[in-house]
Every structure is written in C-alpha cells, then in structure tokens.
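Encoded as structure tokens, the structure appears first; notes follow it.
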Amino acid sequence: MLLDLKDLVVRYGRRPALDGVTVSLESKALGLLGPNGAGKSTLIRALLGLVPIHGGEAQLDGLNVRREGKRVRERIGYMPEHESYLAGIPAVRFLRFMGEMCGLEPSAAMERAHEVLFYVGLGEVRYRPLEGLSYGLLQKVRLAQALIHGPRILILDEPTNGLDPEAREEMLSLIREMIEHSDSRFIVSSHLLRDIETSCSEVLVLKRGRVVAAGNIEQMKRTDKTVFLVRIKGDVDRFMAALSERGCLCRLSEREDIEIQTANGVEPRAFFEIAHAQKVQIRHFYAKRDTLEDIFLKVLEDET
Ligand code: ADP
C-alpha cells in the first residue's frame with residue numbers, strides 16, 4: 001500500500017490540521033487535492049516526520065511513519081512548497097551538496113547533480129548562482145534536489161504554485177513524464193483539480209483536515225448514469241411496480257430513496273412520465289455518484 005492512514009490526527013496547538021484521516025490507497029501517482037488550509041502540507045510533513053503525530057497511525061510504502069521514520073525518509077525525495085536553497089552557490093554545487101547529504105559519495109553526487117539538472121531542463125544554467133534564477137527555474141531546482149538520490153517515492157508539494165501558465169504546463173508535463181517513465185511512486189499535492197487530474201491516477205481529496213473523497217480518478221470521473229436515486233411523495237410501491245414493468249430494477253434504500261437501475265433504452269425522463277401517470281410527485285432526483293469535478297466544486301463552494 002502506498003499510503004495507509006488510520007484515524008490520523010495532527011494538531012498545531014489545540015487546532016487539528018488533520019482530524020481523524022482514514023484511507024488506504026495503492027497508487028503509482030497519488031494526488032492530494034484540497035483548497036488552501038485543507039491539510040495537504042501537514043499530511044506530507046507528518047509522513048516526513050517533520051511534525052508530530054498526535055493520534056492514529058500512518059504507513060507509507062508499508063513502513064510505519066512513527067516507528068520507522070528513518071527508513072521512510074530514506075525512501076523519499078521531497079520537493080517542498082517554499083523556497084529552500086543555499087544562496088551564493090550555483091545549482092550544480094547545491095545539488096551535489098544535497099546528494100552528499102543523502103549519502104552519496106562526492107564524485108557520485110557531482111555526476112548525479114549534472115544528470116538531474118539536465119533532466120529537469122536546467123543544464124544551461126547549472127553554473128549560475130541560485131539567487132539569480134527566476135522563480136520558475138528555482139522551482140525546477142527544488143524538483144531536481146528531490147530527485148538527486150533516485151528515491152523510491154517522490155513527494156511534490158504544490159509543484160505548480162506561483163508559476164505562470166507556460167511554466168505550469170512545462171512542470172506538469174515534466175511530472176507526467178517522470179510518472180510514466182520512472183520506477184518511483186509519486187505523491188503530488190495541489191489546490192487545482194486540473195493539476196491532479198492530468199498527472200495522477202488516484203486522488204485523496206481533503207477539506208479542513210478530513211477526507212472528502214478518495215480513490216481512482218478515472219472511476220471518479222465517470223458519473224454512474226445508469227443508477228439514479230429518486231425520492232417521491234405518493235405511493236412508493238405502485239411507482240416501483242410501474243418502473244419494474246418498464247424493465248428497471250428498483251430497490252428502496254434505508255434513507256427512503258428509491259434506487260433505480262435503468263433498463264436499456266429507458267431514459268430518466270421516463271421516471272417523470274411514470275410519476276405523472278401514477279399521480280406521484282418526484283421530490284429529489286439525482287445520479288447516484290458525483291464525478292470528481294462535482295465533489296471538488298462542492299468542496300470549494302463550502303469554502304467561500
Ligand atoms: P494545505 O497544505 O492544504 O494548504 P496546511 O497543511 O498547510 O494546508 O494547513 C492546514 C491547517 O493547519 C490550516 O488551518 C493552517 O492554517 C494550519 N497550519 C499549517 N501550518 C501551521 C503551523 N506551522 N502552525 C499553526 N497552524 C498551521
């Protein structure tokens with residue numbers, strides 16, 4: 001399992017930033033999605049051991065984050081959200097230093113520094129002092145330092161934040177390429193649905209420290225258009241019988257909704273015709289599952 005969380009709680013002071021998060025996700029590329037303040041960075045920090053866990057359990061790649069923190073960190077390459085570099089030295093020296101910090105021999109670290117800088121498209125500027133580089137280029141330096149030791153898991157915290165549209169697309173396509181062609185697994189956080197949709201296969205949607213949705217993105221993008229939930233005022237049995245005559249499968253849910261699986265060729269508009277004929281009023285009518293976009297829009301609506 002890439003990520004296995006059981007009732008995870010992390011607080012800053014008395015305020016929970018993660019408030020009982022439970023989820024199990026196996027994924028090559030997992031997106032952490034949620035508006036600012038949702039708890040994405042806190043979850044990443046908890047996985048890295050940078051903030052204490054106050055309750056519950058967290059496992060990453062089968063390792064217990066609390067008990068096996070060092071082994072967890074050895075497996076991770078981390079691209080932080082905010083600037084984190086040493087001024088006054090060129091990118092290649094910074095990368096070599098980071099490589100040595102990760103345990104590489106100096107010559108191997110230097111070789112690898114050149115390699116990753118070329119890989120992220122910074123070959124030409126690798127001898128320029130870091131503080132002279134644009135924000136977009138520094139973002140790539142951050143990505144390069146996460147890659148330096150060839151980690152098993154790459155955690156990228158808001159990798160497109162602050163980038164102009166062109167640089168953002170470039171960063172996203174670099175991430176997609178890495179996901180497709182490397183053996184590493186990825187956790188990518190963003191407050192933008194599109195970033196996650198276009199790069200990840202699974203998603204964990206957080207809001208105010210709680211799980212809103214989790215699972216495979218392709219499945220979540222498909223609304224289940226063959227199953228509908230209908231709530232009516234009137235004779236439920238007669239309405240269900242009339243639907244069954246048209247070949248639909250019906251069942252009454254615990255919440256008194258009628259779950260209708262449509263038969264081939266039966267459009268939802270038929271429910272209204274049947275209701276009219278049976279003198280029944282349809283009070284609620286909706287497709288059974290929300291798409292990822294619906295879920296995310298609801299998350300944002302409640303925030304404003
Ligand atoms: P996200 O990464 O989704 O934007 P964060 O994990 O940064 O969310 O923040 C989750 C919540 O925790 C927010 O309410 C934020 O204000 C709070 N928070 C984050 N970092 C700190 C901190 N160092 N001290 C106090 N509160 C914090």
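In listed order, ligands and their atoms are each counted from 1. All values reported here derive from a predicted model rather than from experimental measurement. Side-chain atoms are counted along with the backbone in the values below, which use heavy atoms only and exclude waters and symmetry mates.
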Inset, instruction - Would you kindly specify which portion of Pro35 sits under 4.0 Å from ligand 1, judged on non-hydrogen atoms: side chain, backbone, both or neither? - result: backbone
Inset, instruction - Could you tell me whether Arg112 and Glu115 make a salt bridge, using a distance below 4.0 angstrom between a side-chain N and a carboxylate O? - result: yes
Legend entry - Numbered atoms and elements of ligand 1 in range of Ala38, under 4.0 angstrom, heavy atoms: 1 (P), 3 (O), 8 (O)
Legend entry - Per-atom contact, atom 16 (O) of ligand 1, protein heavy atoms, under 4.0 angstrom: no
Inset, instruction - Please state which part of Arg15 comes within less than 4.0 Å of ligand 1, counting heavy atoms only: side chain, backbone, both or neither. - result: side chain
Inset, instruction - Return yes when Gly39 approaches ligand 1 closer than 4.0 angstrom through a heavy atom, no otherwise. - result: yes
Inset, instruction - Note the single closest protein heavy atom to atom 10 (C) of ligand 1, along with its residue, its atom name and the distance in Å. - result: Gly37 O, 3.4 Å
Legend entry - NZ/NE/NH1/NH2 to OD/OE distance under 4.0 Å, Glu202 and Lys28: no
Inset, instruction - Write out the residue and atom name of the closest protein heavy atom to atom 27 (C) of ligand 1, then the distance separating them to 0.1 Å. - result: Tyr12 CD1, 3.3 Å
Legend entry - Heavy-atom side-chain contact between Thr262 and Phe271 under 4.5 Å: yes
Legend entry - Salt bridge Glu26-Arg185, side-chain N to carboxylate O under 4.0 Å: yes
Legend entry - Pairing of Asp19 and Arg208 as salt bridge, 4.0 angstrom limit: no
Legend entry - Pro159 and Leu143, any side-chain heavy atoms less than 4.5 Å apart: no
Inset, instruction - Taking only heavy atoms of Asn36 into account, list the atoms of ligand 1 that are under 4.0 Å away from them. - result: 4 (O)
Inset, instruction - Look at atom 7 (O) of ligand 1 and say which protein heavy atom is nearest, naming residue and atom and giving the distance to 0.1 Å. - result: Ser41 CB, 3.8 Å
Inset, instruction - Report, in ascending order of atom number, the atoms of ligand 1 lying under 4.0 Å from any heavy atom of Arg45. - result: 20 (N)
Inset, instruction - Verify, without hydrogens or angle tests, whether Lys40 (side chain) and Gly34 (backbone) share a donor-acceptor contact under 3.5 angstrom. - result: yes
Inset, instruction - Give the atoms of ligand 1, by number and element, whose distance to some non-hydrogen atom of Thr42 is under 4.0 Å. - result: 5 (P), 6 (O), 9 (O), 10 (C)
Legend entry - Heavy-atom check, side chain of Phe97 versus side chain of Gln145, under 4.5 Å: no
